[in-house]
Every structure is written in structure tokens, then in C-alpha cells.
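Please read the structure below before turning to the comments.
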Amino acid sequence: MAVSSSSFLSTTSLTNSKSNISFASSVSPSLRSVVFRSTIPATSHRRSMTVRSKIREIFMPALSSTMTEGKIVSWIKTEGEKLAKGESVVVVESDKADMDVETFYDGYLAAIVVGEGETAPVGAAIGLLAETEAEIEEAKTKAASKSSSSVVEAVVPSPPPVTSSPAPAIAQPAPVTAVADGPRKTVATPYAKKLAKQHKVDIGSVAGTGPFGRITASDVETAAGIAPSKSSVAPPPPPPTPVAAKAATTTTNLPPLLPDSSIVPFTAMQSAVSKNMIESLSVPTFRVGYPVNTDALDALYEKVKPKGVTMTALLAKAAGMALAQHPVVNASCKDGKSFSYNANINIAVAVAINGGLITPVLQDADKLDLYLLSQKWKELVGKARSKQLQPHEYNSGTFTLSNLGMFGVDRFDAILPPGQGAIMAVGASKPTVVADKDGFFSVKNTMLVNVTADHRIVYGADLAAFLQTFAKIIENPDSLTL
Amino acid sequence: MQSALSISFSQTSLPLANRPLCSSNAAPSTTPRNLRFCGLRREAFGFSPSKQLTSCRFQIQSRRIEVSAAASSSAGNGAPSKSFDYDLIIIGAGVGGHGAALHAVEKGLKTAIIEGDVVGGTCVNRGCVPSKALLAVSGRMRELQNEHHMKAFGLQVSAAGYDRQGVADHASNLATKIRNNLTNSMKALGVDILTGFGAVLGPQKVKYGDNIITGKDIIIATGSVPFVPKGIEVDGKTVITSDHALKLESVPDWIAIVGSGYIGLEFSDVYTALGSEVTFIEALDQLMPGFDPEISKLAQRVLINPRKIDYHTGVFASKITPAKDGKPVMIELIDAKTKEPKDTLEVDAALIATGRAPFTNGLGLENINVVTQRGFIPVDERMRVIDGNGKLVPHLYCIGDANGKMMLAHAASAQGISVVEQVTGRDHVLNHHSIPAACFTHPEISMVGLTEPQAKEKAEKEGFKVSIAKTSFKANTKALAENEGEGLAKMIYRPDNGEILGVHIFGLHAADLIHEASNAIALGTRIQDIKLAVHAHPTLSEVVDELFKAAKVDSPASVTAQSVKVAV
């Protein structure tokens, strides 16, 4: 189309180089975006470099700087249809406009993951593209158990800085404090209504404190349990005084704000993370690391991946089985005077999501089989993304798993979330030269695992024994599939 | 802004804009031959009353003034013909009257202009000019508040704030400056500025104050005032019109804007940038009904949905009571169709932006047997006033908002120039379809010619094909450099002969970009020719260039076009 006429624009200049959320655009009369990513890097992040079949995911593009999710208006192509590079595949409605998304590769539209009328967050797979007809079936299976890629991505996603602590946090708005009231006419300002919708607050249950008793934005924020944001443009005298009052309660003398610094109030999720992190300081923790050979695990993963099993499920299952043998690591100490052995082994898994962090919980990870676990995980990630996790789905964990291996991190150390006995930090599996007891060198994939535990209840030897068991399970992973 | 505003989309039967004025009433018998249509393409535009177009106007005048002043000051104000005090008397020194006066002097006419208020009229004092000052502020506020935008530039800005009085002063200073420019330009040329309310006493005779003067030709250019539907009590403090709003005496926390046309949209941009929340009240079923539907859909996504704005459509504000006795402003809404009560709003202020009504009372029109139609003075396509019997009143013309043809300041000025052309012996008919309109929100909206539904309707009637070309600002290097890739340009054209029927732009500097298209329409330039023209890279104008290049026209480029132009 008209692309050629924009001689000065190279595609690269338009395409965001960040790998996961691709943004691009075009020139043609109908606005188009090209959004594709091969799934290979995502799924094989912990594995060797072997190139596998070319099934690509079609991602929800970021059509505008403010877009966080998009709605599928219509699929122009149907499943199984052949696509030529440059053809429009799907029409996406963003917060701003309807745009055609075009394919960047030849191939077949193998599977539609997000149907018409449904909404998906930016960067989420909305469909799969197979390179050859033969791969359509494979792609379909993949779509059916979309967990395989989405799980891992869920942890990788989007640019939000990785600086956030890997420890989990409970990140859903506190329950709304309902204020029962008679049949009073509700007057709410436009922004208050918008916020209420956004935070799923029933506007009728909010008490208005604004002029004439109207509900203002800050009333809704209070009801939603969010620190009221700085009133965007307080008219005449908007003294930009640092409103760091909250932090002052916990941290002592704050250094004065550097000139030109900007103050960004915490979102609900950030507030929750912050609260949990501060609380964690009251627990005496220690850390024990352990190298684990993953050759066998990698081989197993290769085998079960087509069945929808994800690495997260494998690790959670292994941890669950190890915890079953070392119940003290699965215990919690809440009051500092006693501790409780938890009846269930519930593995919380840290997931970076949309600028925040949440820990969906795989309940009874030791008992559920790998396939059910994978299924469950897919479901949880979906809910987490759409912010629909129920409280018991993110706060019932007894042990936490945090994996930064996909970033190439070789080891890291996690902060113990309040109420749990231990958290496991998993690094990348990397080919490593190892010498065996006979002095022979060989190259084996090795991953470093580091567990942080509450020393009031878990001692060094407990943790070491747990890690040894965990390593044995990983190195002989057949038991995982039983 | 105001003078601009024409169509008032909002309240009931407004006495505004768009009635089929000229089409039926024009007296064809008197139509001279040898018409010059100023490049008008009759086959495309015909003379059906224009249904859309309205807007705020641009402030080109100050620049224009300097140019024309230099060009013609040597000529001076012409000597009057023997039997009259003046060759041309203009009643009303707004932008329309001013444009006519400058052109008249250039043509050697002895000219007087009568003004009962301040020179500059609505546009300069209470309309487009001060509103542009407020919008300049709101654009910057919006940008500074957009952390995401700033971060994308690598800029760090601490909390942006403003001083209301400072903003208000900027607007009034700008109005003063432009008013002085306007006054000086007329004085420098020797135009007599007569103070007082003008009224027509009889043919070629005008009264102002206690003075009576005669003129060979008379132009009525008295403009318009904000229209306030009945049931609405304006107190100037909490229930206001654009006249008050432009003084920015307060920035209410929550303001209802009645009418989502140009004036309403521009003020919503100003108020939300300054921290207000806005509720639109629109009589029609959708917001921004005057725009091309695709543009208004996109504009709503960008200008309304993400901002602190909500809206009620399909409702009239049947009663608005100013805040008093410790009560807020109360607005009663009724269903636009059934007239059933729908809702009551309690807000801090209400801005009535339901359009503008002609200011034609006390003009002495009865002396010459002219009957206004809902206040508008009937004119033919040459702006000649038509009396109660459907006859042309000799030597009397009406331009600008007072005739309601197209309530835009630049349209008034163009009509004034057209009249001067006629009275100096050169017949001229203004092509209103080539007059662009713009709304100065962030980003801006601009348009010229027909909307897509209008073009399709016309195509169906006249049996030609219509095609649409679109380009996005997302593909424009300059727009991306500014991190302002949001935007769309759309052209409606005839694929058979390459004629441009309409162009609509929503995006960064859209108001400045439209002129390439409006000039092409005015000059009758075809797409196949203009697409060969070169645009500097990288500029926003490439968005329009892309538009021309994206069009698929069956006719080949005219071979002679360029050489002819060179020869001229």
C-alpha cells in the first residue's frame, strides 16, 4: 500500500525495539500495526539454543502510549487461513481507535486465542501463526494450553523495571468500605465516576465529602483503598510540597528532595508491596544456595511441553514434593511465639504484571499432577492479568517461588514474604563446566537456587536438607510426572 | 472561538446557522453573466446549503493587515463620489468589516466603518483570539502534566501549576494587542472609524449616534452574540457564556458545558487542563455531531474519554439556575425527543455554548422593508440583502455572522472582500466550500469541504463515485519526534477526475495543515496534479502529502499544469 511512498520512514524507526511489546505502524490509509514475536525465545529461555518450529504469537499491539489493553473488534482471517506478509489479520480497538493489525510473516493463522469482542492486555498473545500447514495442529494444541508460553511470559513481561523485589506482595485493592445510605441522590463528579468504574467501586456505596455532599475523585480513591493521588492541577497555589508523609512513618529523616525530582504516588499495588516489604524486616532471615543440574529436567520439559506443561509447573511441583518431605520449611511463624505446620502445600509464584507484582497461588502443588497444575497455572495467570484473582488465590501461599532465570540472572536473593517460612529464588540454567569425583570434566546445565527462610523456625540444616531433596527431584525428574 | 461557532448543535431549534438562505431566494434574473467563481467547482459543490462547517476562526488578520497596509497605504482612502459622503459604509468593525475596509481602500474607495462597541468585534475581543490564548496555556499544561509524555522525552518536570490571573491576563493582553493592530491598520489607511451604533435609515443612508451619512454602498457586518436558550438564567458568574468564560474569572471544580460543538470542545480542553471536571450536555445523540463521523469518533477517544469528562447526549438543559443561597448550579435535563424529565445535575458552573445568534436588532431594517429570518439577514450568494418581497435591496450587503451563511470570522472577511470586488466592478462569488474550519483542541481538528456522509449523498444523487484516502500521523516522522503520533487525515475525493470533495484532519497542528487542501479546492487543483508537489521532509505537511499520494485517481496528471503556472 502506501508504505512505499513514505520513503523516509524505515520500519525500524517505527518499531519499538523492546522485544515483548512491539509497536509499529505504518503509513497506509488504514492504520496498521505489525505485531509479532516468535515464541521461541520466550519458551526456551532456560534452555539451549536449539531452533524449533516456527509458531509465532500474534500479540496485542500497543496502539497508543496510553493503551493498556485492547479489544478485538473482528478477526479478518479465520483459523487455518493462509496469510501473506502485509495482510491485515485482525482489527483491534484501543482506547483511541480501531486499527488493523497486519502480519509480518507469511504463514497460516493457526489459532485464535482471544476471540472477537474479547479484551486482552497489551503484549498478550491473541493468536498463533504457523509457518507451514503441518504446524497448524501443533499451534492449536499450544493455543489450547496457552499456559506454556503465557506462564513464562507472565513473569517476563513488559518493560516495568525489574528492580522491584522478587518477593511477592498482595496487590489487590482492599475491600471497599460500604456506607449504607438511604435513597439519597448520588452526585458524583465525572472523574469520580471514571475512577469508580476503573477500580470497580460501587459509586452508590461511596460517601461523598465534596461540596454539597458530592462524591469526588478522592472519595472514590479512599473507598478503593488508594492513597489519593495528588490533585492533578490544584489551581492557583499548588505548592509542590513533598507529600511523602506516609513514608515518614516508617523511614526516618528523609533527605530533601533533589530539585526537579518528581513525586509519583504509589498505586494500590505498589502500596501493598511496600507494606509487605516493610513488614518483612521484622523477621530474621538467612539464605542458603544450591546448584542444581537440570539436564534431565530440560529433557523432561521438552517431552511434556507439547502437553501444555510449563517450567513454572515443573518447578512448583518439584518444590511441593520436596516440601512434603521437609514440612518445617512449609511452616509459618506468625506471632514469634509458636509456629504452625501448614496442612497444605500452597506454592505462590511471583509474577511481574503490568508494572507490579502479584503471587498467584498453586494450591496443593505436591498433590496435583503436573498437567492439572499447568492448567491451573494458566487459569491463574489469566485472572491475574485481568485483575480478577480472588483473595484466596493470591494470599494463601505457604511457600513462594520466584524465577528470574529468563532474564539470564544466575542467582539472586529474595525477601521473605510475611507469613511464610521460606521463598525460593531460581536463577537461569546455564551450561557449566563441572568436574566429577573422578576428575573428569563435563558440561552440564546448572541452575543456582537460593532459598531465604525464617530462622526462627527453619535452621540451616533444615534448609540444606530441603534443597538436597529438591535437587534430587530435579535431577531425577521422572517422579514429577507420576 | 465564538464568531466561529456556527452550528449550534445543542439546543432546540436554534435561531442559528445553516438555513437554506441563498439557494431558494437568490434572484436568478439579476445574476450577471460572466461569473467568476474563484475556481469554484460547480459540479462538485453546487449550491445546496452547506450543512456542516462552522468553527472557530484563525487569527490571520494581524499579519494580513501589515501586508495590505503596506501595499495600499500610498493609495490612501479614496475620494468620495460627488453625491455621497462615502463610497462604502461598513456597519460593524469586526473581522468581517475590517477585511472589507482594507480591501475597499486598496480598491480606492472612500470608506467609513461604524462601531458601537470596540473594534475587533467578537473574534478579537470575545472569541477566537482570547480563546487561542487560553488554549495555548492549556496545551502546555496538558503536556507538562503528562508524565508519560515527558518521560518519553527524557524530561523531568516537577508538578506544573498555574496562576489563574496570569492566564486570564495573557488572554486579555492578546485581545488588546490584536485590537490595536486592527485599529491602527485601519487608521493608517485612512478609514474613518465612526463611533456609535449604526442603523440604516433608507437606501444609501446610515445613521450613527446623532449623525447621518450617505454612502454609495453599505455593508452590514454586525456579527452575533452568544445564544442562550430559554429557561437558562445567565448570571455571568456561575452560569456563563463564552463572553464570560474567556475572562477566566474562575476555574470551577466541576463545570457543565451545554453544547459539544467547537466552543464547547475548546473550552473543555481549557478547563480540564486547568483541573476542572467537565460534563457535556448535548442535544443530539452523539457528541461533536458537526464533524465527519470518523473524525468525531476518534476525537471522542482522544479528547473526551481519557479526560475527566462525562456527558449526557440526547438531552436538553431545560432549566439552569445559577448557584445561590448556598445551593450549587442546578440543571434540569429533559429528553430531547420525548421532552420527559431525565435527570438533574448539580454542578459548580455551567457554560452555555449552544451557538450564536445574529446581532441585528436596532439596525433599522424595517426602513428598507427587510425581514430577518430568526434574526439573520437574508442575502443571495453575492451577499446582497433580500427584502421582504424577495427583491434585492440595491447597494446593501450583509456579511459575516449576521447573514448566517457560515459563522466563521475568516468567512466574514472573505465575504467582505467578495462584496468589495463586486462594488468595484468585478463580479465575484465566494466558494464557501473552500473555506476551512478548525477547532483548536489538543490535538486540533480541521476540515474543509464535505464530510463523508455528505459526499456519499451527493455522489448518489449526481451519479459519481467517491473514494476515501486516509493517512495516520503515526507514520509521520515529525509527529513521532514530537511524541504526538495520535491523529488521522482523511480525504474524500472523486476517483474519476481527481477532484477533492473534503479533507478532515485530526492531529498535531491540524488547523495549519488544512490549507493545502482548502487552497486546492479553491483553485480547483486536482489530486493527480497536487500529488506531484514536493513537501519538505520531515514536516507534518507530509501527512497531507501522503493523503494525496494515497489517492487512486483514474485521470492522468495534466501535462500543462506546471508550465502554465510558471508562465503566469
Side-chain angles (χ1 to χ4, degrees), chain A residues 1-9 13-14 23-33 63-66 93-99 185 187-195 210-214 216-217 230-241 257-264, chain B residues 141 145 147-152 156-165 251 253-254 273-279 297-298 301-302 305-311 326-328 344-348 468-472 474-477 480 483 485-486 488 490 537-538 542 545-547 549-550:
Chain A
M1 297 284 266
V3 177
S4 55
S5 63
S6 78
S7 45
F8 296 102
L9 301 164
S13 69
L14 294 172
F23 159 90
S25 78
S26 67
V27 196
S28 54
S30 56
L31 316 175
R32 290 153 183 257
S33 301
L63 300 176
S64 74
S65 55
T66 54
E93 179 190 277
S94 73
D95 50 345
K96 309 263 167 78
D98 294 348
M99 300 208 188
K185 181 174 156 60
V187 178
T189 70
Y191 188 44
K193 283 186 222 160
K194 261 182 199 167
L195 279 178
F212 312 106
R214 75 169 67 123
T216 63
K230 50 176 183 194
S231 64
S232 52
V233 202
T241 38
L257 210 61
L258 288 176
D260 300 332
S261 310
S262 57
I263 299 170
V264 182
Chain B
M141 273 305 283
Q145 285 164 29
E147 284 169 38
H148 183 90
H149 188 79
M150 284 293 155
K151 233 185 237 167
Q156 290 177 345
V157 177
S158 52
Y162 68 91
D163 161 32
R164 184 200 52 77
Q165 193 55 49
V251 178
D253 290 342
W254 184 5
L274 299 184
S276 301
E277 295 179 36
V278 168
T279 295
K297 190 175 165 198
L298 181 62
R301 283 189 176 147
V302 177
N305 296 350
R307 297 184 181 172
K308 296 175 181 176
I309 300 177
D310 68 352
Y311 49 85
K327 280 194 190 146
T344 311
L345 304 180
E346 298 173 14
V347 294
D348 297 320
I468 311 285
K470 285 183 225 169
T471 54
S472 164
K474 277 201 166 70
N476 182 279
T477 309
L480 291 176
N483 270 330
E486 197 69 65
L488 173 74
K490 168 176 179 178
H537 175 77
E542 289 169 288
D545 186 30
E546 289 289 334
L547 206 50
K549 289 186 162 67

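Within every chain, numbering begins at 1; the chains are lettered A, B, ... in the order of the sequence lines, protein sequences first and strands thereafter.
- In summary, B:Asp348 and A:Arg214 engage in a salt bridge, as defined by a charged side-chain N under 4.0 Å from a carboxylate O.
- Considering all non-hydrogen atoms of both residues, B:Trp254 and A:Ala188 come closest at CH2-O, 3.2 Å.
- Scanning both residues, B:Ile309 and A:Lys194, for their nearest heavy atoms gives O-NZ, 2.8 Å.
- We find the OG1-CD distance between A:Thr189 and B:Glu346 to be 13.0 Å, quoted to the nearest 0.5 Å.
- A:Thr216 pairs by the side chain to side chain donor-acceptor pair (under 3.5 Å) definition with A:Ser218, A:Asp219, not counting sequence neighbours.
- Annotation for B:Gln156: atom CD does not count as buried by contact number, only 12 or fewer foreign heavy atoms lying within 6.0 Å.
- Here the closest non-hydrogen pair linking B:Glu277 and A:Ala192 is OE1-N, 4.0 Å.
- Contact detail for A:Pro190 and B:Thr279: the closest heavy-atom pair is CG-OG1, 3.3 Å.
- In this structure, chain A has a heavy atom under 4.5 Å from the backbone of B:Lys327, while its side chain stays farther away.
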